[in-house]
Every structure is written in structure tokens, then in C-alpha cells.
Amino acid sequence: MSSQPKAPFWLAVWAVIFGLVGLAAWRSGMLEQFGLGRPGAAGQRPMAAGGGGPAGAGTGGGAEGSGGAEGMTEAPDVSVPTTVKEYTFKPAEKLPPVKGVSGYKPLEDETVKFALNVWAGWAPIIRANNGFKAGKLWQAPGGKPFKVELVLIDDPVQMRDAYAAGEVHIGWATLDMLPLFVDSFAKDSRIMPRVYQQVDFSNGGDGIVVRDTVKTVRDLAGKKLVLAQNSPSQFFALNMLVAGGLQPQDVEMVFTSTAFEAAAAFNRDKSIAGCVSWAPDIYNLADAKGNRMLVTTQTANRLIADIWFARADFAKDHPDKIEAIARGIFDAMGELKSETARQEVAQLMADGYTIPAADALSMLGDAHSTNWAENYQFFLNRNNPANFERIWKQAYMLYRRIGVISNNPVPFDQVMDFSVIQKLGKEPKYAETKDEYALSLPPKTVQQIRAENEEILTNTIVIHFFPNSAELRKKVTRRIEGKDVEEPYDARVDLVLDEAGALAKQFGNARIVVEGHTDSSMRGAVPAAMVKELSLERARAVKDALVDKFDFDDNRFAVDGLGWDRPADDDHPDNHALNRRVEIKVYAAEKE
């Protein structure tokens, strides 16, 4: 009869078991939940093609480490952490159809269900509601008390379906995503969204990382760009390409289900020239050897606008609750200017998002909360080149161009409802707020801008100037049907200025250089200096018109006149029509 195993044997067995369990937990990322791994991913952005994993979902690798061996107790980590390791490419496709539509569910215990996702911009509603649970009593203007439950639905397709089925009364989106939703609502008037308030502009949470051989947007032509389709990433990419003088078909777009997978694919696949993703992955990737940041929403800071929207049937029945929620969000924005309030809301966000409070606090810098004054500019100032109407129409134009939306556009004013913003504007508490997103930059010369800042893109605009004139709205007399008629020499001037103004507004934290160019038709007949002076006057005329029309900060702009020195196409320098142009160059000013 054999003897029983001794105690040391069992200790060894259990040590092996615990070691294997620990290894499995480490490889799966479970230890990160207990603060033993890399902090979770802050600032998740909405994805319209399937939700990303929870914050802190893992790491991935593939770039240089740094530092010498002296004094080290561990080998350097040569990986670049991305939120996920694995990725799968997927074909281009539209959003799946809505699963089912019905009236909204009755309010249980007078509780409004407000859907949101993991994003810094929702801090004001989380603060106003004192967390995610339906505990606080809200007071509707002249109405009964009610409650709000914040429902975390990170996958926008699931959120859209829950909204359409009436399981939530209020949904979330970036404004550019909303046309994709509206296109699938099958004209059911009950679920058509009503947008009452903008909560933020993305302020650095979104970006495009490229290989260091890509210097400007135009350098992406003919190369691969990876991103999540049907998402803010796609809208951001399409805008950058068009603004940089490219068409979507000029770039080979490859798609993943989430922005985090796009970052992992870029990190692993060196044949990909750029990726569109979100913090923190974009910053980790940009720091890796061989990569650079092309642009973020800290520079293009008036492009990605987060909004909330109510079902039309719910909004009709409960306008008092809509107003109360908008008031609560605005009031919380003011409170969150204090560090104490920011610490408190970070803990509330951490509890609701299941992420560390430190990560939640760091997320707050990825979004700029838009107060009443900024909402007024967004909803009601038609001269604002980055307002609701322009972003809505731009999204439709871009998505229809690539075939993602096939139905006729829904007019913006059938979705936008400015009634609450207009009503609150009668109260000094809101009316006296100021636009806090207007950045002030010290003046710089063209030479300083080019030497100290990195160019992002060049946008060519064509204004037909009268020969030897820098007057934008020059009028000429033409003989039409036997009569002398005075007409503008170029009737498209204001349309072209609107396009240039929209570009300058979207890049609210950028330096803008306006370059004037002429053709070489008089080469050898007139001094080159005279031609350069004319091109400089034309650039200055465009700059002055933009500043005057859109009330831009003059210091953001600089002008230069290059005459005939830089033809638009080196292969065809005598293409005079092509060379008579003005170019607007956008330079990142984030590091100033």
C-alpha cells in the first residue's frame, strides 16, 4: 500500500495551479480590472458599426522602446499599447435595418430613460443627475417632479434599436451620425429625432495617425487608411480628405468594426499609411517610432458635435421634461468649472462606466462642453460656418457621395428644434454666457508659421479676379440683349468664401495661411516683383473678407503672395486658368 502525498507535494501542486490561473488572467487582461495592468482606455467614442469593448480592454504592440539597460530591473516594453490586440477587416456596408418600431414605453415612476455612451461629453448630465441611477428628483417647469435614468448603451446600433422600440426616450449621437439613423427610420413620425441641445465639441479625442512619410492630407492619395465605417471616424476622415483636395476614392479605405480595431490594425500592418481612431490609442500610436499625428479634433475643434435627441412622440407629450433636462445640463456645465466638481463627476463617471476614476478625470479634456452662448451660435446663427445646418448638410453630402445614404435628405429643420435654446435666452442666467471656445493666438508672420508649425492640408479655392485687380466683387458692364448690364465679374465669390469660412471655422485651433498665386502669361513682360505684389493683394483681400464676414480672429491668419513661382501643376505651368488661384493652408497650432 503506497503512502499518502506529503504536504510539500500539495504545496507544489497548488503553486502550479495558481501560477497557471494567474498567467491566464494576465493574458486575458483581467488583472487590469484590479489596477494590476495598464489603465483602461479613456474617452471612448461612438461606433455605428458595432460597439468597442469596455474601457481597459487590453493592449497591443509593435514599436520601439527607449532607455538604456543601466539601472533597469525589467526589460523594456517594446510594444505600443492599443486598446485591443485583435482586429478583423470588414467590407463596406450600410447600417443594418432597424429591428422594430413602436411607441415609447410609459414612464415607470415618472422616470425618463436617457441613453448615453462612454464619452467625456456626458459629464454634465451625469453631474446633473448625481450619477446614473434614477434617484434625484428633477423639477419640470410648472410640472410634476420626475426622475432620469442614464442607460449606458455603448453600441449605437443597439441604442438606435432600443430608441426605435421605445425602450429609451432619449438617444445620443454625434450630429454627423444622425443622418445615418434617420435614413433607417422608415419615415415613422413617432421616432423621428428632435435635437434640442449640443453637449460638446470633440476636443482632441479623435485623430488621424499616419506614417512619418505622410506630411499632409494630400500625401494619403493612393494609400490605405483604416477606420471604423458609419462612425465619427468616417465623417472626420471624409472631411479631411475633401478639405485637403482629395476625393474619397483617391484613398483606399479599409474598414474595421471599431476605432480601437483600426488602431490595432495600423499598429500591426505596416502597409497601412494611416488610421482614424480615438484617445488614448491615437496618442500612443503617434508616440511610436515611424508614426506621427496628422491632425486631431484639438485642431479641427468644431467638427464633431455631440448631441442628444428625443423621440418626437415623447417630446410632444413631455416638453416640460425636455426643458428641465436642458437646463440641468447647462447648469452642470457651469458647476464643472470647479476642480471639486470635476473630481466628483469623475467618480460618478467611473462608477457608471466601470473605469478608474483617474481615467475618467483625464477623459474630461477630450471634450469641450458647449454652454448656452455656444448652443445659440450652433442652432440659431445662420452665419456661423460650423453650425447645425452646415454640419448636417455636409454629413449628407459626404455619405451620399460614397453611397452610404440612398434616400433623399431629411431637411435639417425637421430634426433641429431650437425652441428651448430660444426660451432660455430670455433669462440673463443663460443669455449673459459667452462663447468660451474662441481661442486667441498671438500674431505670427508667414515665415514663423511655416518654421514652427506643421502643415495639415492645403485647400485650393478659385476666385476669378478681374485682370490686374484684387477686388473680390469687381463689377463689369456686359452687353446683354442690346442693353448694358452691370454684373459681378465672378458671381460665385460669396459661395467660395463660405466654403473657405467653413474650413477655417472647423479648424478653430489652427493657423491659416492664405497664399495668392498668378499665372505666368506676362512672364518676361512685367517685373516678377509686381506680379507678387498683385498676388499678395489678392490673398489679403480673401483674408480680410473671411475675417469680416465670419468675425474670425485676425491673428490666426497670415498672407503671402507667390506670383507665378509655384504653378498648381508642375507638368503644365502654362495652364493659366489653373494657376490663377488662392490656396488656404492649415497649420496645427496645438503646441503653441
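Just so you know, residue 1 is the first one in the sequence shown, and it goes up from there. What's counted below: heavy atoms across the whole structure, side chains too, no hydrogens, waters or symmetry copies.
Contact annotation: the side chain of Y376 never approaches that of D435 to less than 4.5 Å [non-hydrogen atoms, C-beta and beyond]. Y353 has its side chain within reach of F132: a pair of non-hydrogen atoms, C-beta onward, lies under 4.5 Å apart. The side-chain heavy atoms of Y196 and S419, taken from C-beta on, include a pair separated by under 4.5 Å. Counting only heavy atoms from C-beta outward, the side chains of L398 and Q394 approach each other to under 4.5 Å. Considering only heavy atoms from C-beta on, T354 stays 4.5 Å or farther from L152 through its side chain. Proximity of Q229 to V404: side-chain heavy atoms (C-beta onward) are nowhere separated by under 4.5 Å. Under the 4.5 Å side-chain criterion, counting only non-hydrogen atoms from C-beta, T256 is in contact with F89. Proximity of Y399 to K94: side-chain heavy atoms (C-beta onward) are nowhere separated by under 4.5 Å.
For K393 and D498, the salt-bridge test fails: no basic side-chain N is under 4.0 Å from an acidic carboxylate O. A salt bridge is defined here as a Lys NZ or Arg NE, NH1 or NH2 lying under 4.0 Å from an Asp or Glu carboxylate O, and K90 with E261 fails to meet this definition.
Proximity of a side-chain donor or acceptor of T111 to a complementary backbone N or O of K147 within less than 3.5 Å is not detected. A donor-acceptor pair under 3.5 Å links the side-chain atoms of S102 to the main chain of A165, judged by distance alone. With hydrogens and angles ignored, the 3.5 Å screen pairs no side-chain donor or acceptor of D281 with any backbone N or O of T82. Of the possible donor and acceptor atoms, none in the side chain of R327 sits under 3.5 Å from a partner among the backbone N and O of I322. N387 contributes a side-chain N or O that, together with a main-chain N or O of N384, makes up a donor-acceptor pair within less than 3.5 Å. Checking side-chain atoms of D417 against main-chain N and O of F309 turns up no donor-acceptor pair under 3.5 Å. Side-chain atoms of D287 do not come within 3.5 Å of backbone N or O of N284 as any donor-acceptor pair. Remark: the backbone N or O of I272 is paired with a side-chain donor or acceptor of R211 at under 3.5 angstrom. Within the 3.5 Å criterion, the main-chain N or O of Y104 finds no donor-acceptor partner in the side chain of R190. Looking at D320, its side chain never comes within 3.5 Å of a backbone N or O of A140 through a donor-acceptor pair.
Of all non-hydrogen atoms in L241 and P248, the two that sit nearest each other are CD1-CA, 4.3 Å. The nearest pair of heavy atoms linking T83 to P280 is OG1-CD, 4.3 Å. Nearest heavy atoms, A350 versus I355: CB-O, 3.0 Å. Annotation for D154 and V118: closest pair OD1-N, 2.9 Å, computed over non-hydrogen atoms. Taking each heavy atom of P96 and V157 in turn, the nearest pair found is CG-CG1, 3.9 Å.
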Test D269 against Y87 for side-chain hydrogen bond (donor to acceptor under 3.5 Å, both in side chains), laying out the working first. CA-CA 11 Å; D269 187 344; Y87 61 90; 4.9 Å; no
side-chain contact (heavy atoms from CB on, under 4.5 Å) between D200 and W119: does it pass, once the steps are laid out?
CA-CA 10 Å; D200 71 74; W119 174 237; 3.2 Å; yes
task: Go through the steps to decide whether E110 and K144 satisfy the test salt bridge (charged side-chain N to carboxylate O under 4.0 Å, His left out), and finish with yes or no.
output: CA-CA 9 Å; E110 285 298 305; K144 298 179 180 179; over 6 Å; no
_Let's go through E374 and Q198 carefully: what are the C-alpha distance in whole Å and the side-chain angles of both, what is the deciding distance for side-chain contact (heavy atoms from CB on, under 4.5 Å) to 0.1 Å, and is it a yes or a no?_
CA-CA 9 Å; E374 293 162 44; Q198 179 196 9; 5.5 Å; no
Go through the steps to decide whether L175 and F378 satisfy the test side-chain contact (heavy atoms from CB on, under 4.5 Å), and finish with yes or no. CA-CA 11 Å; L175 182 57; F378 189 68; 3.6 Å; yes
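Partner of M333 under the side chain to side chain contact (heavy atoms under 4.5 Å, CB included) criterion, out of L336, D331, I329: I329 alone. Just one residue in the list N509, N371, N203 forms a side chain to side chain contact (heavy atoms under 4.5 Å, CB included) with Y437, and that residue is N203. For the side chain to side chain contact (heavy atoms under 4.5 Å, CB included) with Q197, the qualifying choice from N375, T370, D306 is N375, the only one to do so. The ring-ring contact (aromatic ring centres under 6.0 Å, His included) with Y163 is formed by just one residue from the set W308, F314, F185; it is F185. Each of T297, N301, D366, L303 was evaluated against S202; a single residue qualifies, T297, per the side chain to side chain contact (heavy atoms under 4.5 Å, CB included) test.
In K105, the NZ atom is crowded: over 12 heavy atoms of neighbouring residues, nucleotides or ligands sit closer than 6.0 Å. Enclosure of atom NZ in K136 by more than 12 non-hydrogen atoms of other residues, nucleotides or ligands within 6.0 angstrom is indicated. Crowding of Q249 atom CD: a count of heavy atoms from other residues, nucleotides or ligands under 6.0 Å exceeding 12.
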Mind listing the side-chain donor-acceptor pairs of residues 120-129 below 3.5 Å, one per line with the distance, residues two or more places apart or on another chain?
residue, atom, partner, partner atom, Å
W122, NE1, N117, OD1, 2.7
R127, NE, E335, OE1, 3.0
R127, NH1, E344, OE1, 2.5
N129, OD1, W138, NE1, 2.8
N129, ND2, G131, O, 2.9
N129, ND2, K133, O, 3.3
N129, ND2, V148, O, 2.9

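Residue pairs meeting the ring pair (Phe, Tyr, Trp, His ring centres under 6.0 Å) criterion with at least one member in residues 229-252: none, sequence neighbours excluded.
Taking the six-membered ring where tryptophan is involved, the planes of F388 and F412 are tilted, since the angle between them lies from 30° to 60°. Taking the six-membered ring for Trp and thresholds of 30 and 60 degrees, Y430 and F330 have ring planes inclined between 30 and 60 degrees apart.
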